Amino acid sequence: MERGRKRTRSAADVRAAGRVRPLDRRFYARDTAVVARELLGAVLVSTVGGQRTAGRIVETEAYIGPHDPASHAAERIGRTQRNTSMFAVAGTAYVYRIYGVHWCLNTVTADVDFPAAVLVRALEPLHGIEIMRLRRWPDGAYGPDRQLTNGPGKLAAALAITGALDGHDLRKSPLRILPGERVADARVRTGPRIGITRATDWPLRFCVTDCPWVSR
DNA sequence: GGTCGGATCATCT
DNA sequence: GATGATCCGACCG
């Protein structure tokens with residue numbers, strides 16, 4: 001019932017978004033915290049494997065430059081094979097494996113050779129929800145829908161995002177980000193980033209308040 | 001509701 | 001050899 005209503009609205013949402021151009025380089029080539037904030041409400045669309053899945057971005061984190069000690073490209077680490085995409089042009093995907101288990105998607109921001117990116121931490125599922133369920137729980141033991149995409153590893157699994165997409169241009173299929181309805185400031189909460197051990201008080205996490213899809 | 005530990009491995013020292 | 005931008009299930013209360 002409620003599930004059916006949501007799916008109908010979501011399909012219309014995505015069809016409408018289909019006429020919209022993806023976010024362009026100028027969007028990403030700005031201050032990383034601003035990009036992280038402005039990505040809230042945007043729509044991440046995957047057609048990986050020929051199956052369309054999409055969700056609205058409701059939680060992000062910014063990782064900003066060599067002086068951000070929590071960044072994979074912090075000064076003490078420098079440029080390495082893994083973080084190479086963080087130095088690429090704005091609008092590039094940086095996808096890495098965490099804990100040997102999960103994939104995480106970032107959008108590269110700011111200027112070439114300045115390593116900065118926005119981690120996409122949670123989505124509100126909009127399209128292809130049954131496909132997401134199958135990818136998240138391939139043994140058929142489905143969990144609740146609110147756990148489909150309420151975390152960076154979970155949304156990557158639901159949208160079939162893997163390391164094969166590291167370095168991908170996010171203006172193009174099979175993984176694109178389209179502009180969405182702007183989330184009002186009153187609905188945006190800013191706070192410390194999650195799961196890090198350095199710079200734990202930097203307020204670079206942005207999420208939509210009262211959203212069941214936010215990780216916490 | 002909460003806390004805890006294991007999974008699992010690429011990456012870097 | 002240690003670490004980690006996570007997730008999940010087990011266990012406790």
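Per chain, numbering begins at 1; letters A, B, ... match sequence-line order. What you see is a predicted model, and the numbers here were worked out from it, not measured in a lab.
Look at OH on A:Y94: it is 11 Å from C1' on B:dA10, rounded to the nearest Å. Rounding to whole angstrom units, CE of residue A:M86 and C1' of B:dT11 are separated by 15 Å. In this structure, A:R121 places its CZ atom 9 Å from C1' of C:dT6, rounding to the nearest Å. Rounded to a whole Å, the CZ atom of A:R97 is 16 Å from the C1' atom of C:dT3. Atom pair A:W137:CH2 and C:dC8:P shows a separation of 8 Å (rounding to whole Å applied). Atom CZ in A:R146 sits about 15 Å away from atom P in C:dC7, given to the nearest Å. For the pair A:I77 CD1 and B:dA10 P, the interatomic distance rounds to 18 Å; values are reported in whole Å. A:R82 has its CZ atom 12 Å from the P atom of B:dA10, to the nearest Å.
Salt bridge status for A:R182 with A:E38: present, with a side-chain N to carboxylate O gap under 4.0 Å. Using a cut-off of 4.0 Å between Lys/Arg side-chain N and Asp/Glu carboxylate O, A:R176 and A:D169 are scored as not salt-bridged. Comment: A:D166 does not engage A:R82 in a salt bridge, judged by the lack of any side-chain N to carboxylate O separation of less than 4.0 angstrom.
Closest approach to the A:K154 side chain among B:dC9, C:dC7, C:dT6 is made by C:dC7 (side chain taken as heavy atoms from C-beta onward). Between B:dT8, C:dT6, B:dT11, one nucleotide has an atom nearer to the side chain of A:V101 than all others, and that is B:dT8.
For A:N83 (side chain) and A:H72 (main-chain N/O), a donor-acceptor pair under 3.5 Å exists by modelled atom type. Remark: the backbone N or O of A:A62 is paired with a side-chain donor or acceptor of A:R193 at under 3.5 angstrom. A donor-acceptor pair is defined here as one N or O able to donate and one able to accept, closer than 3.5 Å; no such pair exists between the side chain of A:N150 and the backbone of A:S215. Remark: the backbone N or O of A:L175 is not paired with any side-chain donor or acceptor of A:S173 at under 3.5 angstrom.
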Evaluate A:R198 against A:D68 for salt bridge (charged side-chain N to carboxylate O under 4.0 Å, His left out), listing each step before the verdict. CA-CA 9 Å; A:R198 304 165 195 265; A:D68 179 351; over 6 Å; no
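Between A:T197 and C:dG4, a side-chain N or O to OP1/OP2 separation shorter than 4.0 Å is present. Neither OP1 nor OP2 of C:dA5 sits under 4.0 Å from any side-chain N or O of A:R205.
The stretch residues 61-76 of chain A has no heavy atom under 4.0 angstrom from DNA chain B at all.
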Pair pattern of DNA chain B in dot-bracket, where unpaired bases get dots and | marks partners in another strand, Watson-Crick or G-U under 3.5 angstrom: |||||||.||||.
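With hydrogens and angles ignored, no donor-acceptor pair under 3.5 angstrom links the side chain of A:Y99 to the base of B:dA7.
At a threshold of 4.0 angstrom between heavy atoms, the contacts of A:R136 are confined to the sugar-phosphate backbone, with no base atom among them. Within 4.0 Å (heavy atoms only), A:L119 reaches at least one base atom of the nucleic acid. Among the heavy atoms of the strands, none lies under 4.0 Å from A:R193.
Relative orientation of the A:W137 and A:Y142 rings is tilted, given thresholds of 30° and 60° on the angle between their planes.
Taking the centre and axis of the six-membered ring of A:Y28, the NZ or CZ atom of A:R30 falls outside the cone set by 45° and 6.0 Å.
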